[in-house]
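For reference, the structure discussed in these notes is given below.
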Amino acid sequence: MRRGARSDLRLAVEALPRATREAMLDGLRRNEIIAGAYTSRDGGVCPMLAAHRSGQRTDFLAFADAWDRFCNAKRARRASRRELRTLEALLRASLAADADLGAAIAEHQELARERRAREARATGWGWIAEAEAQAAPAPKLTARS
């Protein structure tokens with residue numbers, strides 16, 4: 001089943017590097033954004049060029065295709081307020097999800113370490129982990145000539 005244009009745009013936004021998404025968000029505020037072309041005669045730019053102008057040089061054709069499909073752009077035209085609000089919301093949500101995911105991963109790793117240590121102590125195998133932590137690194141083996 002074919003995804004909708006909004007879903008394609010969301011996936012394209014999420015596939016962009018974090019720095020590009022941040023630059024694009026900044027570029028949306030600083031530039032007149034268009035759909036259907038890279039630039040317009042009156043100075044409008046696509047969201048990807050806006051990100052480039054904000055310092056991120058990323059080529060990602062899938063984003064451009066998804067943006068133009070979402071906007072149903074057949075030729076260069078100014079992006080509507082709704083289209084801009086949607087893109088901004090997708091960018092903000094993807095940036096927030098990145099931050100939340102990093103914190104969740106770190107919390108999960110800490111809980112897993114604590115659980116393994118607790119289980120090792122309960123089963124009597126905790127001395128192995130303590131010994132490994134205190135042990136000096138193993139000597140490096142070298143090939144004989």
Side-chain angles (χ1 to χ4, degrees), residues 1-40 44-74 76-144:
M1 185 162 86
R2 177 78 175 128
R3 291 183 307 265
R6 189 175 194 287
S7 294
D8 286 344
L9 182 61
R10 180 184 55 80
L11 292 172
V13 165
E14 290 173 355
L16 292 169
R18 181 179 181 82
T20 301
R21 287 179 278 153
E22 290 170 345
M24 190 177 289
L25 195 55
D26 181 56
L28 291 179
R29 293 184 208 107
R30 295 174 183 245
N31 297 279
E32 181 179 320
I33 304 299
I34 64 168
Y38 194 62
T39 62
S40 67
V45 298
C46 73
M48 190 59 74
L49 181 55
H52 287 198
R53 289 183 176 176
S54 293
Q56 286 303 308
R57 308 281 186 252
T58 304
D59 280 331
F60 195 59
L61 187 58
F63 174 82
D65 291 342
W67 172 246
D68 289 344
R69 181 170 175 246
F70 172 75
C71 296
N72 199 26
K74 305 296 184 217
R77 64 168 178 79
R78 195 172 178 180
S80 72
R81 283 193 177 121
R82 180 192 67 85
E83 292 162 345
L84 292 172
R85 279 194 314 262
T86 300
L87 179 56
E88 183 176 354
L90 291 172
L91 288 165
R92 288 185 184 281
S94 70
L95 290 169
D98 280 357
D100 293 345
L101 185 59
I105 289 170
E107 181 182 0
H108 171 74
Q109 289 172 337
E110 178 60 29
L111 290 171
R113 278 191 293 275
E114 290 172 3
R115 179 187 50 79
R116 285 191 303 271
R118 191 173 51 253
E119 289 173 354
R121 283 191 301 275
T123 59
W125 290 96
W127 64 272
I128 293 175
E130 292 169 7
E132 287 176 350
Q134 294 174 358
K140 292 184 180 179
L141 300 176
T142 57
R144 293 185 183 166

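Across all their heavy atoms, V13 and R21 have their closest contact at O-CD, 3.2 Å. Residues Q56 and A23 share a closest heavy-atom pair of CG-CB, 3.5 Å. A pairwise comparison of heavy atoms in H52 and D59 identifies CE1-OD1, 4.0 Å as the closest pair. Minimum heavy-atom separation, T58 to M48: O-SD, 3.3 Å. The minimum heavy-atom distance linking N31 with A50 is given by the pair ND2-CB, 3.7 Å. Heavy atoms only, all atoms of each residue included: A12 and A62 are closest at CB-O, 4.1 Å.
The distance from the CG atom of L90 to the CZ atom of R6 is 5.0 Å, given to the nearest 0.5 Å. A distance of 8.5 Å separates CG of L87 from CG of L25, quoted to the nearest 0.5 Å. For the atom pair CG (L111) and CD (Q109), the distance works out to 10.5 Å, reported to the nearest 0.5 Å. Taking CG of D8 as the reference point, atom CG of D65 lies at 10.0 Å (rounded to 0.5 Å). Between the OG atom of S54 and the CD atom of E22 there is a distance of 11.0 Å, given to the nearest 0.5 Å. Separating the CG atom in L84 from the CD atom in E32 is a distance of 9.5 Å, to the nearest 0.5 Å.
Here the side chain of D68 pairs a donor or acceptor atom with the backbone of G36 at under 3.5 angstrom.
Residues P47 and F63 meet the side-chain proximity criterion, which asks for heavy atoms closer than 4.5 Å. Between W67 and I33 there is a side-chain heavy-atom pair separated by less than 4.5 Å.
Around atom CD of E107, no more than 12 heavy atoms belonging to other residues, nucleotides or ligands sit under 6.0 Å away. Within 6.0 Å of the CZ atom in R30, the count of heavy atoms belonging to other residues, nucleotides or ligands does not exceed 12.
With sequence neighbours excluded, the residues forming a salt bridge (Lys or Arg N to Asp or Glu O under 4.0 Å) with E110 are R113, listed by chain and number.
Residue pairs that meet the salt bridge (charged side-chain N to carboxylate O under 4.0 Å, His left out) test with at least one member in residues 82-94, sequence neighbours left out, are R77-E83, E88-R92.
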